[in-house]
Amino acid sequence: MNKEEIKTVLEILKKNYPDAKSELSFKNPFELLIATIMAAQSTDRQVNIITKKLFELYPSPEDMVKLSEEELGKLIKSSGFYRNKSKNILKACEILLKEHQGEVPKTREELVKLPGVGRKTANVVISNVFGQDAIAVDTHVFRVTNRIGIVKAKTVEATEEELMKKIPKDLWSEAHHWFILHGRRVCKARKPLCEICELRQYCIYNRKLRNES
DNA sequence: AACTCGGGGCA
DNA sequence: TGCCCAGAGTT
């Protein structure tokens, strides 16, 4: 897909998802880290509801480590996978205190060492609160961008690199949410709704479908 | 590569 | 009701 087509695709997405932005607008690194760990296989909205209360009561790793797994699990239950997450979050808090003076590390290499933190979560943190160049690629971003043909990549890492080259930097954050929303509502994993998709005429995947029929 | 974790969203 | 999932870790 050439530059002009990508530009057109991004314009269509912008038009269709005008208010696409994360509900997790934490500027505090610790809060963003914990909220993002919780966001795995959950929704920003759900995590936003939980964390409002949670961070009032436990605003720092010092406060949060005082919780037991059971107590934290209860508080974050509605984000799903709460046993894993509460265990990981408490362990991560311990590591922050022991090895990082209670601060959130600023590199992806250090972040992914924390339990519950993978490449996607690390990228969210370094790009949103540490001003580093990174695009968080989740399952939707990976599927949609590859399916449409904005990128051709076999791995998440390669997808990140290509996206950073092909999407203007000032659109990275918005585009992330465009792809997610489009992936959920239209460009679904199992049965994509190509017949109602406004990207149809630019989409590599749909071109193949049309050629086959 | 295939599994597990889980309550919530949505048809 | 039943299906699917805004990741990460383990085997």
Side-chain angles (χ1 to χ4, degrees), chain A residues 13 16-26 31-54 69-96 104-105 107-129 134-148 150 153-160 163 167 171-193 195-196:
Chain A
L13 288 170
N16 286 354
Y17 309 108
D19 52 356
K21 60 180 189 300
S22 176
E23 298 183 44
L24 271 40
S25 55
F26 298 105
E31 293 185 357
L32 182 63
L33 173 66
I34 301 303
T36 309
I37 290 175
M38 272 191 273
Q41 293 294 97
S42 183
T43 61
D44 285 3
R45 171 157 304 167
Q46 202 58 37
V47 172
N48 203 20
I49 294 168
I50 299 171
T51 50
K52 264 187 177 174
K53 190 77 182 179
L54 183 69
E69 279 184 38
E70 291 72 22
E71 289 169 330
L72 182 56
K74 225 172 200 177
L75 292 170
I76 68 170
K77 197 176 173 81
S78 61
S79 74
F81 298 158
Y82 61 91
R83 291 191 189 88
N84 286 345
K85 288 175 184 175
S86 61
K87 181 178 294 186
N88 287 338
I89 288 169
L90 291 175
K91 180 68 182 171
C93 286
E94 286 178 27
I95 296 174
L96 293 187
V104 176
T107 65
R108 178 161 48 212
E109 289 67 32
E110 289 300 319
L111 281 164
V112 295
K113 290 179 185 172
L114 301 172
V117 178
R119 190 179 176 93
K120 185 257 178 181
T121 299
N123 279 0
V124 169
V125 171
I126 63 174
S127 62
N128 281 290
V129 295
I135 290 183
V137 172
D138 66 359
T139 54
H140 288 307
V141 176
F142 183 82
R143 180 184 70 257
V144 173
T145 57
N146 278 283
R147 188 183 269 170
I148 296 173
I150 295 176
K154 289 184 175 138
T155 66
V156 168
E157 290 86 340
T159 303
E160 288 175 16
L163 284 177
I167 296 179
L171 296 181
W172 286 1
S173 177
E174 288 175 273
H176 174 78
H177 292 96
W178 296 338
F179 294 132
I180 288 174
L181 291 174
H182 194 63
R184 288 180 67 116
R185 298 174 187 176
V186 181
C187 196
K188 302 194 288 185
R190 298 293 174 85
K191 297 175 182 173
L193 307 177
E195 64 278 8
I196 67 161

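Convention: sequence-line order gives letters A, B, ...; per-chain numbering from 1. Worth knowing before you read on, the calculation uses all heavy atoms, side chains too, and leaves out hydrogens, waters and symmetry mates.
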Item checked: A/F81 CZ to C/dC5 P, straight-line distance once rounded to whole Å -> 12 Å
Notebook entry, point to check: When the nearest nucleotide of DNA chain B is assigned to A/T43 and to A/K85 on a heavy-atom basis, which residue is associated with the more 5' position?
Noted result: A/K85
Notebook entry, point to check: Between A/S42 and A/Q46, which is nearer to the 5' end of DNA chain B once each is assigned its nearest nucleotide?
Noted result: A/S42
Notebook entry, point to check: Given atom NZ of A/K191 and atom P of C/dG2, what is their separation to the nearest angstrom?
Noted result: 17 Å
Next item on the list: Select one nucleotide: of C/dA8, B/dG7, B/dG6, the one nearest the side-chain heavy atoms of A/K77.
Entry: B/dG7
Check: Just checking A/T139: base, sugar-phosphate only, or nothing, at a heavy-atom cut-off of under 4.0 Å?
Finding: sugar-phosphate
Note to self: For a quick check of understanding: with a heavy-atom distance under 4.0 Å over all strands, which category does A/L114 fall into, base, sugar-phosphate or nothing?
What the structure shows: sugar-phosphate
Notebook entry, point to check: Contact class for A/S78 (heavy atom, under 4.0 Å): base, sugar-phosphate, or nothing?
Noted result: sugar-phosphate
Note to self: Categorize A/V141 for me: base, sugar-phosphate, or nothing, with a 4.0 angstrom heavy-atom threshold over every strand shown.
What the structure shows: nothing
Margin query: Assuming nearest nucleotide by heavy-atom distance, tell me which of A/V112 and A/R143 is located more 5' along DNA chain C.
Written below: A/R143
Next item on the list: Measure the distance from CZ on A/R83 to P on C/dT10 and round it to the nearest whole Å.
Entry: 18 Å
Note to self: Starting the side chain at C-beta, find the nucleotide from C/dG7, B/dG6, C/dC4 nearest to A/R190.
What the structure shows: C/dC4
Notebook entry, point to check: Judged by modelled atom types alone, do A/Y17 and A/H177 share a side-chain donor-acceptor pair under 3.5 Å?
Noted result: no
Margin query: Just verifying a value: how many Å separate A/N123 CG and A/N128 CG, rounded to the nearest 0.5 Å?
Written below: 10.0 Å
Note to self: Whether A/Y82 contacts B/dC5 is assessed here as follows: a side-chain N or O lying under 4.0 Å from the phosphate OP1 or OP2. Is that the case?
What the structure shows: no
Checklist line | Heavy-atom closest contact (A/I76 atom, A/S86 atom, distance) | finding: CD1-N, 3.8 Å
Item checked: Nearest-Å distance once atom P is located in both C/dC4 and B/dC3 -> 15 Å
Item checked: Separation of atom CZ in A/R185 from atom P in B/dA11, rounded to whole Å -> 11 Å
Check: Across the strands shown, which category fits A/D44 at heavy-atom distances under 4.0 angstrom: base, sugar-phosphate, nothing?
Finding: base
Next item on the list: Could you check how far NZ of A/K87 sits from P of B/dG6, rounded to whole Å?
Entry: 10 Å
Next item on the list: Using whole Å, report how far CG of A/D138 lies from P of C/dC4.
Entry: 19 Å
Checklist line | Nearest-neighbour nucleotide for the A/K120 side chain, C/dC5, C/dA8, B/dG6 considered | finding: C/dA8
Margin query: Salt bridge or not between A/E110 and A/K113? Use side-chain N to carboxylate O under 4.0 Å.
Written below: yes
Check: When the distance from CZ of A/R184 to P of B/dG8 is rounded to whole Å, what number comes out?
Finding: 15 Å
Note to self: Between C1' on C/dG9 and CD1 on A/I37, what's the gap in Å once rounded to a whole number?
What the structure shows: 13 Å
Next item on the list: Using a 4.0 Å heavy-atom cut-off across all strands, classify A/Q41 as base, sugar-phosphate, or nothing.
Entry: base
Next item on the list: Taking all non-hydrogen atoms of both residues into account, name the closest pair between A/V141 and A/A136 and its distance.
Entry: CG2-O, 4.1 Å
Check: For atom P, what is the distance between B/dG8 and C/dG9, given to the nearest Å?
Finding: 23 Å
Check: Tell me, do A/L171 and A/E174 make a side-chain contact under 4.5 Å, heavy atoms counted?
Finding: yes
